[in-house]
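FYI, side chains are in, hydrogens and waters are out, and symmetry mates aren't considered; it's all heavy atoms of this structure. Remember, predicted model here, so these are calculated numbers, not experimental data.
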Amino acid sequence: MDSLQQRSSTVQEPPGVASAHRPTPPPAWQPRTDPTPLLPDTEPLRVLGTDAVADADPALLLRLYAELIRGRRYNTQATALTKQGRLAVYPSTTGQEACEIAAALALEERDWLFPSYRDTLAAVARGLDPVQALTLLRGDWHTGYDPREYRIAPLSTPLATQLPHAVGLAHAARLKGDDVVALAMVGDGGTSEGDFHEALNFAAVWQAPVVFLVQNNGFAISVPLAKQTAAPSLAHKAVGYGMPGRLVDGNDAVAVHQVLTEAVARARRGGGPTLVEAITYRIDAHTNADDATRYRAAGEVEAWRAHDPILILERELTERGLLDEDGRREAAEAAEAMAAELRERMNAEPVLDPMDLFSHVYAEQTTQLREQAAQLRAELEAEGEA
């Protein structure tokens, strides 16, 4: 026993050094920030169905409703286009429209949106042509639109790679003195990628004007959130990086808009980044190529349908006398007109130039690209002659 105690003592302190002379840690070990203000609330913020909705702007409520109706119709039409062979794939946001719309409306024109592959609806709500938003998913172009024109970064298929880009742009804008905020969107699956953690760390250290919106829709394809993280919530991850975390009901369009608007304003005035976790649900499968019945029960989906973002906002508007049958019909007709135009334009065969494969890869083409372009051009000319 004495031998064991001696070995233990040797591990804890150098031989011959009295405990009274052990050095104390330097001040750098202490917390750099009081974590208490950074912690998210224990429950997701809700506005609809609470007393707080009385303070909401009626014009904003009606605009959110019209955009939600349009967004739902956009999702169903794009899904139908995959079945008609007009789209290769479409990751629907049915059930998540409140997050998509709120993200677009919370930004000023000068700000930047950094979407994931699932966030075509957010891009459309920000003003992007619906056909251009689907061009990538059609396989026609790498992006399909000019990011600078719309202040929308290319739709990101690799998970979370857009997040460090958002931080870089936001940091650069601040260094230049530009009054710009970047809002980066990611799914719960993306929070398991290294890019997510690197982006949060850089954003907090630099105090970059960026807002991270995590749409927690329950599954990373078929992997439930419980198998990705043991954290109390994804919003809690913010504290470890030194930024505030916010938790919001992702199907409450008014609440999401409020939280994102506050986070954007905080970033713009120099307060640094915010991580927002929106609790929502992906009603449709991961994409049209996925069979969601293999990993989730029908009862779970139906339970979330009762908390549909359109349903709960429509109920609030009706009870307050802000929406009647004429208003519902007007919103539906506008959405149907958008869908009809989308169908017509997507049914037209695109005229594609194979040489565009080499455009917009580098500002100046590399030797290899020039060689590949020359080879393809020769093959195309030979095929034309034949």
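- No side-chain donor-acceptor contact under 3.5 Å links S116 to the backbone of G187.
- I221 and V89 fall into different hydrophobic clusters, where Ile, Leu, Val, Met, Phe, Trp and Tyr side chains are chained together by heavy-atom contacts under 4.5 Å.
- Of the listed residues (T76, D308, D284), just one forms a side chain to side chain donor-acceptor pair (under 3.5 Å) with T94, and that residue is D284.
- With sequence neighbours excluded, no residue forms a salt bridge (Lys or Arg N to Asp or Glu O under 4.0 Å) with E277.
- With a 4.5 Å cut-off on side-chain heavy atoms, P309 and R72 count as touching.
- Here the side chain of D290 pairs a donor or acceptor atom with the backbone of H286 at under 3.5 angstrom.
- Of all non-hydrogen atoms in G189 and A220, the two that sit nearest each other are CA-CB, 3.6 Å.
- Between the side chains of N75 and T93, at least one donor N or O lies within less than 3.5 Å of an accepting N or O.
- The 12-atom threshold is exceeded at CD of E198, counting heavy atoms of other residues, nucleotides or ligands nearer than 6.0 Å.
- Although no hydrogens or angles enter the test, the distance criterion places no donor-acceptor pair under 3.5 Å between the side chain of R46 and the main chain of D249.
- Following chains of ILVMFWY side-chain contacts shorter than 4.5 Å, one can reach V47 starting from L323, so the two form part of one hydrophobic cluster.
- Side-chain N or O atoms of E316 include one that pairs as donor or acceptor with a backbone N or O of G49 at under 3.5 Å.
- To the nearest 0.5 Å, atoms OG1 (T287) and OH (Y117) are separated by 8.5 Å.
- Distance check: L317 CG to I312 CD1 gives 11.0 Å after rounding to the nearest 0.5 Å.
- Q207 and G272 get closest at one heavy-atom pair: OE1-CA, 3.7 Å.
- Atom CD of E109 sits in a sparse spot, with 12 or fewer heavy atoms from other residues, nucleotides or ligands closer than 6.0 Å.
- Between R138 and D140 there is a salt bridge, with a side-chain nitrogen of the basic residue lying less than 4.0 Å from a carboxylate oxygen of the acidic one.
- Considering CG of L48 and CG of N251, their distance stands at 10.5 Å, rounded to 0.5 Å.
- Counting non-hydrogen atoms of other residues, nucleotides and ligands closer than 6.0 Å to CG of D57 gives a total above 12.
- Two residues are said to be in side-chain contact when any heavy atoms from C-beta on lie closer than 4.5 Å; V254 and V53 fail this criterion.
- Looking at E385, its side chain never comes within 3.5 Å of a backbone N or O of A382 through a donor-acceptor pair.
- With rounding to the nearest 0.5 Å, the separation of OG1 in T191 from CD in E193 is 9.0 Å.
- The shortest side-chain heavy-atom distance between F114 and H165 falls under the 4.5 Å cut-off.
- Under the ring pair (Phe, Tyr, Trp, His ring centres under 6.0 Å) criterion, the residue pairs touching residues 288-339 are F219-Y295, Y281-W304, with sequence neighbours excluded.
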Assess the residue pair L275 and V214 against the criterion (side-chain contact (heavy atoms from CB on, under 4.5 Å)); give the C-alpha distance rounded to whole Å, side-chain angles, the decisive distance to 0.1 Å, and a yes or no.
CA-CA 8 Å; L275 174 64; V214 178; 3.6 Å; yes
Report the C-alpha distance between R294 and D291 in whole Å, list the side-chain angles of each, state the deciding distance to 0.1 Å, and finish with yes or no for salt bridge (Lys or Arg N to Asp or Glu O under 4.0 Å).
CA-CA 6 Å; R294 298 176 61 186; D291 180 8; 5.0 Å; no
Would you check, one step at a time, whether the test side-chain hydrogen bond (donor to acceptor under 3.5 Å, both in side chains) holds for Q132 with Y150?
CA-CA 11 Å; Q132 289 184 329; Y150 295 96; 3.3 Å; yes
Take L137 and T120, measure what side-chain contact (heavy atoms from CB on, under 4.5 Å) needs, and give me the verdict at the end.
CA-CA 10 Å; L137 302 173; T120 50; 4.0 Å; yes
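- With contacts defined as side-chain heavy-atom distances shorter than 4.5 Å, the pair W141/L136 does not qualify.
- Counting heavy atoms from C-beta on, the side chains of W112 and P147 come closer than 4.5 Å.
- A heavy-atom distance below 4.5 Å is not found between the side chains of L357 and Q372.
- Heavy-atom minimum distance, M185 versus C99: CE-O, 4.3 Å.
- A salt bridge links R86 with E349: at least one charged nitrogen is closer than 4.0 Å to a carboxylate oxygen.
- Looking at every heavy atom in both residues, L62 comes nearest to L322 through CD2-O, 3.5 Å.
- Screening R126, R268, R151 for a salt bridge (Lys or Arg N to Asp or Glu O under 4.0 Å) with D111, the sole residue that qualifies is R268.
- Between the side chain of D178 and the backbone N or O of V180, no donor-acceptor pair lies under 3.5 Å.
- If you take CG on L134 and OH on Y145, they are separated by 11.0 Å, rounding to the nearest 0.5 Å.
- Screening residues 75-103 for ring pair (Phe, Tyr, Trp, His ring centres under 6.0 Å) gives no qualifying pairs among residues at least two apart or on separate chains.
- Between L68 and I101, the shortest heavy-atom distance links the atoms CD2-CG1, 3.9 Å.
- When atom types are taken as modelled, the side chain of E381 and the backbone of E379 share no donor-acceptor pair closer than 3.5 angstrom.
- Annotation: the span from S222 atom OG to K227 atom NZ amounts to 8.5 Å, rounded to 0.5 Å.
- In this structure, D119 contributes its side chain and A122 its backbone to no donor-acceptor pair below 3.5 Å.
- Although no hydrogens or angles enter the test, the distance criterion places a donor-acceptor pair under 3.5 Å between the side chain of R266 and the main chain of P273.
- If you check the side chains of N217 and T280, you find no donor sitting under 3.5 Å from an acceptor.
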For R343 and E336, what are the C-alpha separation, side-chain angles and deciding distance, and is it a salt bridge (Lys or Arg N to Asp or Glu O under 4.0 Å)?
CA-CA 10 Å; R343 279 196 308 273; E336 192 56 49; 3.7 Å; yes
Walk me through it: do D129 and R345 pass the test salt bridge (Lys or Arg N to Asp or Glu O under 4.0 Å)?
CA-CA 11 Å; D129 181 344; R345 294 175 61 195; 2.7 Å; yes
Could you walk me through whether K237 and F196 pass the side-chain contact (heavy atoms from CB on, under 4.5 Å) check?
CA-CA 10 Å; K237 293 181 182 291; F196 172 80; 4.1 Å; yes
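- Looking at L64 and E67, their side chains never come closer than 4.5 Å, going by heavy atoms from C-beta outward.
- Minimum interatomic distance between A285 and R296 (heavy atoms only, all atoms of both residues): N-NH2, 4.2 Å.
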Should V256 and L260 be marked as a side-chain contact (heavy atoms from CB on, under 4.5 Å) after you check the CA-CA gap, both sets of side-chain angles, and the distance that decides it?
CA-CA 6 Å; V256 181; L260 291 179; 3.8 Å; yes
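- Using modelled atom types, no side-chain atom of D41 and backbone atom of E43 make a donor-acceptor pair closer than 3.5 Å.
- In the displayed structure, E149 atom CD is contacted under 6.0 Å by more than 12 heavy atoms of other residues, nucleotides or ligands.
- Two residues are said to be in side-chain contact when any heavy atoms from C-beta on lie closer than 4.5 Å; V167 and F212 meet this criterion.
- Among R282, E100, R118, the single residue meeting the side chain to side chain donor-acceptor pair (under 3.5 Å) criterion with Q215 is E100.
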